[in-house]
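What follows is one structure encoded as structure tokens, with my remarks underneath.
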Amino acid sequence: MNGENFLAASLAAQAQAAIASSSDFAFTAPPEAESILFRFLPVSGGQFAARSPTEWFGRCLAMGAQRFGCELPLEPGSLAPARVLVDFSDGRRSAFAARWFQASKGRYTVAFQERLEEGGKPPLDAPRAALELRSALEESASLASRLGLQAYSACFGRALSILRGEAGLPSRPFWPALGGAAGRLFDAAFASDVFEHRGGWGALGRRCATEAGALEPYDRAVLRLFLATRRAAMAAAAAAGCGPDKERDFPAHRPGFPARGLLRRLREVF
């Protein structure tokens with residue numbers, strides 16, 4: 001997933017964790033985001049803009065926010081923006097859609113614009129999302145190994161280890177420290193992100209699949225993992241801050257920014 005998706009999912013996850021556990025909202029922007037602002041819909045003729053995620057979170061609480069989540073594009077190549085969802089106590093739902101504007105070399109100003117949203121489908125529940133991601137990762141790791149794509153196979157294996165709680169990601173200041181099963185699901189979803197804009201594993205993956213006569217299973221596995229990572233990220237954000245009793249329901253041990261490019265992401269995973 002690119003930086004846009006990570007920022008929306010991270011913002012939603014940390015907001016939900018804070019409101020669910022009555023803790024402080026601790027958010028550090030990724031290095032690509034030079035500044036982040038939020039424009040709220042006009043109220044009583046006045047316009048309000050929050051100049052930081054902390055100010056936005058406080059404003060949402062003052063307006064009666066009860067739950068946070070995110071919506072990520074589920075179509076490969078989609079230009080739809082990633083959105084942060086907020087459910088309020090009066091039954092309203094707002095969607096803050098992100099637009100990125102270049103501010104300086106390699107850095108961006110991110111503007112989230114509020115829109116009223118009809119109540120949509122709830123995100124996939126976290127235990128089911130974890131099962132789907134595990135299964136898709138196992139299939140992708142096996143296929144990548146068969147095609148000789150060892151870097152991909154190792155990446156997917158690492159994500160499986162994270163999902164099972166056997167490994168973790170290197171510490172990074174902008175990464176949400178969610179903890180528990182929701183944290184494992186969030187980390188595994190983004191650790192397995194090797195997708196180009198159109199959803200594939202890059203030119204090398206498709207070429208190897210074509211040469212091996214395995215283009216059909218390649219396309220199927222790529223799309224399955226593409227969807228599983230995004231559903232997992234959305235489910236993890238919605239489940240952030242859940243208590244120990246809920247964590248036990250996650251089947252982690254059950255058997256079974258503008259895009260930076262594959263090499264950058266693999267280095268981050270390892």
Side-chain angles (χ1 to χ4, degrees), residues 1-18 23-39 49-58 60 68-73 78-86 95-113 155 158-159 162 168-179 182-197 226 229-241 257-270:
M1 281 166 273
N2 55 25
E4 290 92 335
N5 290 331
F6 176 82
L7 178 60
S10 175
L11 189 65
Q14 290 178 91
Q16 177 57 29
S23 58
D24 291 337
F25 175 61
F27 180 84
T28 301
E32 293 90 343
E34 184 170 288
S35 61
I36 306 174
L37 58 90
F38 303 81
R39 297 190 182 98
R51 299 292 176 179
S52 71
T54 300
E55 188 179 2
W56 164 80
F57 179 71
C60 288
F68 294 86
C70 66
E71 183 178 80
L72 308 181
S78 172
L79 297 178
R83 309 192 306 167
V84 178
L85 306 177
V86 187
F96 289 85
R99 292 188 65 188
W100 289 56
F101 305 90
Q102 184 139 18
S104 59
K105 186 175 181 180
R107 305 196 71 196
Y108 296 81
T109 293
V110 187
F112 284 89
Q113 175 64 58
C155 178
R158 177 69 169 175
I162 293 170
L169 287 173
S171 177
R172 280 165 285 180
F174 60 88
W175 202 273
L178 303 179
R184 293 193 299 270
L185 185 58
F186 187 97
D187 291 354
F190 283 97
S192 51
D193 174 25
V194 297
F195 300 102
E196 60 179 7
H197 177 63
F226 178 91
T229 56
R230 279 149 180 75
R231 288 171 177 160
M234 290 188 285
F257 315 145
R260 289 291 184 177
L262 171 62
L263 293 179
R264 162 77 180 275
R265 297 192 183 283
L266 292 180
R267 284 197 297 269
E268 289 182 348
V269 170
F270 298 107

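Being a predicted model, the structure only gives us computed values, none of them experimental.
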Tell me whether the rings of Phe38 and Phe112 are parallel (<30°), tilted (30 to 60°) or perpendicular (>60°). parallel
Which class fits the ring pair Phe25 and Phe27: parallel under 30°, tilted 30 to 60°, perpendicular over 60°?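 Geometry flag for Phe27 against Phe25: parallel rings.
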About how many Å separate [atom2] of [Y] and [atom1] of [X], when rounded to the nearest 0.5 Å?
{"X": "Glu32", "Y": "Phe6", "atom1": "CD", "atom2": "CZ", "result": "9.0 Å"}
{"X": "Arg83", "Y": "Asn5", "atom1": "CZ", "atom2": "CG", "result": "12.5 Å"}
{"X": "Gln102", "Y": "Glu34", "atom1": "CD", "atom2": "CD", "result": "10.0 Å"}
{"X": "Met234", "Y": "Phe186", "atom1": "CE", "atom2": "CZ", "result": "12.5 Å"}
{"X": "Leu178", "Y": "Leu185", "atom1": "CG", "atom2": "CG", "result": "10.0 Å"}

State, to 0.1 Å, how close [X] and [Y] come at their nearest heavy-atom pair, and which atoms those are.
{"X": "Thr28", "Y": "Pro173", "value": "CB-O, 3.5 Å"}
{"X": "Ala9", "Y": "Ala237", "value": "O-CB, 3.9 Å"}
{"X": "Leu7", "Y": "Trp100", "value": "CD2-CZ2, 3.7 Å"}
{"X": "Ala17", "Y": "Ser23", "value": "O-OG, 3.8 Å"}
{"X": "Ile162", "Y": "Ala188", "value": "CG2-N, 3.8 Å"}
{"X": "Pro81", "Y": "Ala98", "value": "CB-O, 3.4 Å"}

Side chain Gln16, main chain Gly69, donor-acceptor under 3.5 Å: no
When you measure from the side chain of Arg158 to the backbone N and O of Gly168, does any donor-acceptor pair fall under 3.5 Å? yes
So do Leu11 and Ile36 actually touch side chain to side chain, heavy atoms under 4.5 Å? no
Answer yes or no: is there a side-chain heavy-atom contact under 4.5 Å between Ser10 and Phe190? no
When you look at CZ of Arg99, are more than 12 heavy atoms from neighbouring residues, nucleotides or ligands closer to it than 6.0 Å? no
